[in-house]
Participant: 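Please read through the structure below; I'll follow up with questions.
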Amino acid sequence: MSVIERVHHDQLLRDDPRAALLCTHCSLDVPPGLIDEGADHQFCCQGCRAAHAVIHSCGLEAYYRILSTSGDHAPTAAAAPRAFEAYDDPTFTSLYTREVEGNQREVQFTLDGVHCGACLWLIEKLPVMVPGVTQARLHIRAGLVSIVLDPAIVKVSAVASALATLGYTPHPAKERSIRDHRTREDRKLLISIAIAGACAGNVMMLAFALYGGFFDGMSSGYQWLFRGLSAALGTLSLCWPGAVFFRSALASIRTKTPNIDVPIVLALLAGGIAGVVNTILARGELYFDSLTMLVLLLLFGRFVSHKHQRWATDSVELLYSITPFSARRINADASITDVPAEALAVGDIVEVRGNESVPVDGVVVSGRSSINLSLLSGESRGVSVAEGSNVLAGGINLASPIQVRATATGQGTRAGRLMQLVGDAAARRARIIRFTDAIAGRFILVVTLLAAFTFLWWLPRSTSAAIDNTIALLIVTCPCALGLAAPIAVGLTIGRASKDGVLIKGGDALETLATPGTIILDKTGTLTEGKPRVVQLIGDPAALALAAALEAGVSHPVAAAICHASPACDLLATSIRHEAGVGVSGTVEHHDVFVGSEAAALKRARRSDVAPADFEALRAQGLSPVAIVVDATLTTAIGIGDRLRPEAKRSIAALRAKGWNIEILSGDHDGIVKAVGASLDIPQESCHGGATPEAKLAYINKKRLDARTIVMVGDGVNDAAALAAASVGIAVQGGAEASLAAADIYISRSGLSPILQLIDAGPRTLRTIHAILAVSLVYNIIAGALAMTGTIHPMIAAALMPLSSLSVITVAVRSRAWPKPAKREPTASQPPMRNAPRSIPCP
Amino acid sequence: MMPLLGAILLASLVGSTHCVGMCGAFVTLAVGAPDARAVSAWRLQSAYHLGRLTTYTSVVALAGLIGSSIDLSAMLVGVQNLALMVSASLVGLFASFRLLALAGVRLPRHVFPAAWTRLVEHGHRAAWTLTPVPRAAAIGALTTLLPCGWLYAFVAIALGMGGPAPAALVMVAFWIGTVPLLAAVGMGARKLVARPGSFIPVATTVVLLLISAATLAGRGRILGLTLPGVSSNLAGAPICHPAIAADAPHPLTTP
């Protein structure tokens with residue numbers, strides 16, 4: 001029986017309330033005043049409590065079992081200390097990991113201590129450090145790392161231990177929300193700043209006394225006292241609030257990934273060691289006043305830039321680009337409370353008013369309205385909802401207030417998963433990002449060499465100047481801008497684009513769009529409105545109403561066009577028959593009516609009021625001809641066409657002006673495609689119709705051989721293969737998830753305007769990155785030169801360093817790399833309708 | 001000094017039954033691990049206990065240094081032996097709380113800083129990667145970091161000694177008192193160590209109270225050791241300005 005079981009056994013046996021409980025660790029009586037009601041373990045003192053925790057953390061629980069049985073045998077020592085042992089438990093696996101392709105598992109952790117781009121380099125080196133880990137992606141903003149591992153090779157606990165060794169304590173991502181994680185991180189940093197401030201203040205007071213004594217004289221006893229206290233407080237400041245720099249630098253050195261904390265730690269060590277040695281030997285300068293102020297200013301700077309960085313990325317948080325920050329939750333007592341969206345749980349009921357975004361996936365429990373789900377479904381028409389209807393987060397309530405019971409919240413909603421898909425891929429490294437990462441690593445090496453040179457240069461002239469100037473150089477030079485520039489610029493562009501309904505899967509897509517090449521456009525929905533209309537009518541207009549009555553129940557674009565063109569009538573159609581590929585026939589108001597192709601109509605009609613040349617004329621205009629037969633007479637021919645977008649010609653011209661070649665690749669009839677191309681001044685040889693999805697893929701592959709940028713714009717589902725094969729695939733129709741599986745970009749808005757924005761965004765983003773790099777380079781050159789020449793004091797350097805990060809973030813935020821959409825101009829580019837259907841009285 | 005050291009030794013011997021309970025696990029693990037079976041038990045025991053002694057003396061040497069700094073500062077305001085009084089008060093306070101808990105009085109529960117416990121855990125996990133003898137020494141050294149009230153009561157007394165050397169002597173005496181029973185546990189003779197009766201915690205707490213009360217009542221230094229260059233005589237208290245004569249009466253003591 002273990003000690004614990006013995007305790008409980010004794011408790012069960014004894015009814016006497018005065019009976020003592022035994023300490024779980026040492027088996028002595030627990031003082032009555034220290035009994036913890038309801039706790040599994042009781043301890044007689046803090047020492048036993050701590051000893052128990054230590055034994056458990058080392059995986060040596062067997063000690064207690066053996067102790068209770070024999071007490072004389074040595075326990076089986078753990079083969080190795082096992083931290084994070086619980087992460088290997090099957091329950092943990094089922095709750096916090098998910099299976100991904102290749103029999104691998106993905107697990108997410110929130111990490112403590114993530115503060116800058118250098119952390120990203122370190123953590124993404126995990127696959128190199130830990131065999132079995134195939135991927136590690138860090139979301140700096142959330143401090144969230146997604147790790148893919150092979151469970152046959154490495155355990156989750158080993159991965160967690162490796163992260164802890166790097167200085168980033170992992171916690172299962174679902175255990176705490178991002179908000180809690182941020183609050184905890186901020187609190188820790190503020191406590192560190194407070195302690196650093198207390199140490200710095202006291203050391204400064206001691207320094208005043210010592211400086212005063214330097215001029216007026218001070219007895220050796222007091223000197224010893226004040227110097228000793230300075231050393232003690234300085235050491236405390238370095239070891240406690242300053243420990244964050246040492247941990248980060250140590251991890252950086254272990255993984256051979258230099259980061260900003262390496263030069264900082266070199267500076268702190270140089271000053272600290274020199275100060276301690278001088279204190280012990282009772283001679284020379286102390287540097288603790290500078291060092292403690294340095295630690296304080298660095299921590300404060302880190303806090304400010306962290307907040308600023310968080311604000312910049314929060315403002316374009318992907319999920320909140322389509323779902324609201326807050327929601328109105330209806331409580332059990334029918335009161336309504338405004339809560340953050342993150343605080344919603346499954347089962348909560350929320351109220352969504354007109355023109356508001358739905359915050360959760362759920363079921364309507366009250367009210368009727370219409371919801372726009374264009375971002376998720378690509379369908380811009382509103383979907384009617386009532387009690388019992390399902391709604392999705394991100395949908396816009398177009399009409400009346402509704403109440404929704406949540407079935408999924410936050411990242412669990414379909415919108416959340418979609419944004420995660422975009423967010424995951426947003427970490428894909430553009431070439432420019434890989435370039436800046438490489439530069440930043442070398443930058444730190446160069447700075448370290450310059451610091452060594454500075455020290456050796458000044459040493460013969462003045463030891464204190466050598467130390468001061470070296471510290472100043474190490475502190476003031478900052479590679480953070482190099483590491484932050486590209487990810488921030490790309491992240492801001494992607495975030496702002498998502499607010500405009502353009503989902504970009506990776507920074508590399510933006511980079512590719514910066515180089516002009518060939519854009520291959522789909523016709524329907526991109527160049528045209530995507531809504532077939534009756535453009536021209538030849539013959540008897542009265543037949544249109546009969547045809548509309550027949551087509552009323554048919555879900556076909558041609559049927560929709562005919563119904564739209566006809567005035568509303570109460571005509572009833574009976575005996576309706578559908579013949580696939582031929583047409584529809586039936587009886588309307590005692591008339592036999594047929595609507596279908598010319599060939600099928602001519603077979604049924606004994607007489608025709610429309611000449612074959614009229615049908616040819618319709619085709620020549622790029623219209624699809626449809627024949628109407630009434631009582632065996634072909635009375636009417638209508639031309640169905642998709643109107644060109646008013647801005648299409650102007651947009652095409654704008655794209656050409658930016659250096660892009662334009663082509664059309666469509667599944668529609670080749671003649672129609674060429675006609676559309678002609679109206680847009682696109683050369684006929686660049687207009688290809690009648691293309692199947694396979695033909696489109698083959699065409700794209702052929703164009704890629706030219707090694708130029710090939711951008712394909714098409715249907716996310718039907719053209720998936722061609723979209724995936726292009727340099728950049730842009731899906732303009734179909735559901736968002738399906739589209740993003742194949743394409744790099746998904747546009748939920750129709751038309752060419754978003755494409756123009758995308759084409760502009762690529763070069764603008766690159767220009768922003770170059771501007772940030774230039775600012776960073778100039779700052780480092782000037783500040784470094786001033787430090788090396790002894791012009792700036794280490795404390796000034798510590799104040800300047802966070803300013804460089806702030807300036808980078810400010811430049812990125814204000815850059816507007818994602819352009820605003822162009823204003824609509826009321827122009828018409830389609831030909832006028834002939835024999836336009838006039839108001840037809842009902843027969 | 002000798003009477004005090006004798007009293008400390010005796011108290012430590014009596015209280016070491018609790019040491020067996022709390023630290024017995026560590027000495028057992030240090031000495032009895034499977035991979036240590038090939039190593040002589042005496043080597044392991046020696047390493048463990050010397051590891052303890054090293055950190056005991058280091059901690060109190062530091063405590064003594066702090067104590068002498070407190071004394072030096074206290075002289076400025078004419079308070080002698082401040083460090084000793086502070087340490088005696090701390091010991092008395094701890095013993096009083098302990099007695100109240102034994103009597104069943106519920107006191108606010110003190111939560112030990114988690115960071116400190118994590119530090120100890122890290123140290124032990126690192127120790128387990130070492131070979132048996134260094135591991136035993138490391139585990140012994142780490143026991144000083146456990147929040148043991150009994151140990152730190154004596155550290156507080158050492159702080160009152162006013163200097164590193166006498167403080168270290170106090171801890172040596174304490175250490176000697178803990179060795180017999182802990183060594184017995186390490187030899188697998190746990191069964192020979194009878195489960196202490198319920199009077200032991202009360203007895204050890206009363207001992208601490210008596211030491212505290214006697215010290216506060218006496219208000220005297222045990223040794224005349226002082227810091228180098230600093231006189232323990234108030235008239236010769238360190239001064240800031242060389243213009244003031246060394247034998248001039250201190251302004252704070254001048255009526």
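Note on naming: letters A, B, ... go to the chains in the order of the sequence lines (proteins, then strands), and numbering restarts at 1 for each one.
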Participant: Looking at chain B, which one of A/Gly228, A/Ala232, A/Cys44 has the largest number of heavy-atom pairs inside 4.5 Å, strictly under?
Facilitator: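 If we count pairs closer than 4.5 Å to chain B, A/Cys44 comes out on top.
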
Participant: Taking all heavy atoms of B/Met22 and all of A/Ala51, pick out the closest pair and write down the distance.
Facilitator: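 For B/Met22 versus A/Ala51, the nearest heavy atoms are O-CB, 4.2 Å.
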
Participant: Show the nearest heavy-atom pair for residues A/Ala50 and B/Pro147, with the distance to one decimal.
Facilitator: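 Smallest heavy-atom distance, with atoms named: CB-CD, 3.4 Å.
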
Participant: Are the side chain of B/His124 and the backbone N or O of A/Ile55 linked by a donor-acceptor pair below 3.5 Å?
Facilitator: no

Participant: The criterion is side chain to side chain donor-acceptor pair (under 3.5 Å); which residues satisfy it with B/Tyr48, sequence neighbours excluded?
Facilitator: none

Participant: Are B/Arg98 and A/Cys45 side-chain neighbours, meaning at least one heavy-atom pair lies under 4.5 Å?
Facilitator: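 Yes; the side chains approach each other to less than 4.5 Å.
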
